[in-house]
Amino acid sequence: MVYKFRLISDEVDDFLREIQLDSEASFYDFHEAILNCTGYKDDQMTSFFICDDDWEKKTEITLEDMGYGSSEEDTYIMKETHLDELLEDEKQRLIYVFDPMAERVFFIELSEIITGKDLKEAVVTRKEGKAPLQIIDFDEQLNTNQAMDLGENFYGDEEYDVDDFDMDGFEVNEGSPYEDNRY
């Protein structure tokens, strides 16, 4: 069987990749296919997450065994876990974390299962748009944000005067609200 995956990014509107892999390929094979079609380096501690229909993370498949899972939870490692072990249905959703420091991800859907066909290696069948940067340079981001005007009027109306604030209608109690057992 062949699994056809569709990858999108919430950072770049026109980014789209479609990758086909054999269902018996490992998550590591999928990881390498993503790196190859985006031009990313293999120097980040990436992870896949199997998700529910609302993109809530359920099962993590890590690049390396980090040894932080409890003994009651199954630990899945990319090189040791085949796609067909955890993926069975079309429309299954996954998240691929490619920048773990900033929690940046690709949203993935198993868009089609093709029966009666096998693949020896991953094939990129559709490539649109430029991939987002692999990692964010936090120093550069801070320098960019410092250029913003964060003066005294940043949070509100520059005509605001604290003396114009009407205290009528606001109940202000002295002391703790728990003193009289009112709550």
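Counting from 1, the numbers follow the sequence of the chain as shown.
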S.K.: Check whether Glu85 reaches the backbone of His82 with its side chain - one donor and one acceptor, N or O, closer than 3.5 Å.
M.R.: yes
S.K.: To check you understand the geometry: which heavy-atom pair defines the closest contact between Ile113 and Glu90, and what is its length?
M.R.: N-OE2, 2.9 Å
S.K.: Roughly how far, to the nearest 0.5 Å, is the CG atom of Leu35 from the OG1 atom of Thr46?
M.R.: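 If I round to the nearest 0.5 Å, the distance is 6.5 Å.
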S.K.: Rounded to the nearest 0.5 Å, what separates atom CG in Asp52 from atom CD in Gln92?
M.R.: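 It is 9.0 Å, given to the nearest 0.5 Å.
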S.K.: Hey, can you tell me if Trp55 and Phe107 have their rings parallel, tilted or perpendicular (30° and 60° cut-offs)?
M.R.: perpendicular
S.K.: Could you state the interatomic distance from CZ (Phe30) to CD1 (Ile19), rounded to the nearest 0.5 Å?
M.R.: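 That separation rounds to 5.0 Å.
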S.K.: In chain order, what residues pass the side chain to side chain donor-acceptor pair (under 3.5 Å) check against Glu128, with sequence neighbours excluded?
M.R.: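 Result, side chain to side chain donor-acceptor pair (under 3.5 Å) vs Glu128: Arg126.
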S.K.: If you compare all heavy atoms of Phe15 against all heavy atoms of Ala131, which two are closest, and at what distance to 0.1 Å?
M.R.: CD1-CA, 3.5 Å
S.K.: Just to verify, what does Glu56 make a side chain to side chain donor-acceptor pair (under 3.5 Å) with, not counting sequence neighbours?
M.R.: none
S.K.: Can you get from Leu110 to Val97 by hopping between Ile, Leu, Val, Met, Phe, Trp and Tyr side chains that sit under 4.5 Å apart?
M.R.: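 No, because Leu110 and Val97 fall into different hydrophobic clusters, even though each may have its own neighbours under 4.5 Å.
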S.K.: Fit a plane to each ring of His31 and Tyr28, take the angle between them on a 0 to 90° scale, and name the class: parallel (under 30°), tilted (30 to 60°) or perpendicular (over 60°).
M.R.: tilted
S.K.: Indicate yes or no for a side-chain donor-acceptor contact from Gln134 to the backbone of Lys41 under 3.5 Å, with no hydrogens or angles considered.
M.R.: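 Pair found, side chain donor or acceptor close to backbone of Lys41.
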S.K.: Minimum heavy-atom separation for Val2 and Lys117, please, with both atom names.
M.R.: CG2-O, 3.4 Å
S.K.: Mind checking what makes side chain to side chain donor-acceptor pair (under 3.5 Å) contact with Glu18, not counting sequence neighbours?
M.R.: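 Arg6.
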S.K.: Under 6.0 Å between the ring centres of Tyr76 and Phe27?
M.R.: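 No, ring centres 6.0 Å or more apart.
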S.K.: Look up atom OG1 in Thr38 and atom CZ in Phe106, then write down how far apart they are to the nearest 0.5 Å.
M.R.: 5.5 Å
S.K.: Please test Lys57 against Glu103 for salt bridge (Lys or Arg N to Asp or Glu O under 4.0 Å), starting from the C-alpha separation and ending with a verdict.
M.R.: CA-CA 13 Å; Lys57 297 174 182 175; Glu103 281 289 316; 3.2 Å; yes
S.K.: Judged by atom type as modelled, is there a donor-acceptor pair below 3.5 Å linking the side chain of Asp29 to the main-chain atoms of Ala25?
M.R.: no
S.K.: How long is the straight-line distance from CD of Glu64 back to OG of Ser47, given to the nearest 0.5 Å?
M.R.: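 Between atom OG of Ser47 and atom CD of Glu64 there are 10.5 Å.
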S.K.: More than 12 foreign heavy atoms under 6.0 Å from CG of Asp42: is that the case here?
M.R.: yes
S.K.: Where do Met78 and Ser26 come nearest, in terms of heavy atoms and distance?
M.R.: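 Met78 and Ser26 have their closest heavy atoms at O-CB, 3.5 Å.
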S.K.: How long is the span from the CG atom in Leu87 to the CE atom in Met1, to the nearest 0.5 Å?
M.R.: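 Separation between the atoms: 10.5 Å.
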S.K.: Out of the candidates Leu86, Thr62, Ile95, Ile108, only one should pair with Phe48 under the side-chain contact (heavy atoms from CB on, under 4.5 Å) rule; please name it.
M.R.: Ile108
S.K.: Kindly indicate whether the side chain of Val105, heavy atoms from C-beta on, has any atom under 4.5 Å from the side chain of Tyr96.
M.R.: no
S.K.: Can you confirm whether more than 12 heavy atoms, excluding those of Glu121, are under 6.0 Å from its CD atom?
M.R.: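 Check fails, neighbour count at 12 or below.
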S.K.: Please find the pair of heavy atoms, one from Leu63 and one from Ile77, that lie closest to each other, and give the distance.
M.R.: O-CG2, 3.7 Å
S.K.: Quick one: closest heavy-atom pair of Leu83 and Leu21, and the distance?
M.R.: CD1-CB, 4.0 Å
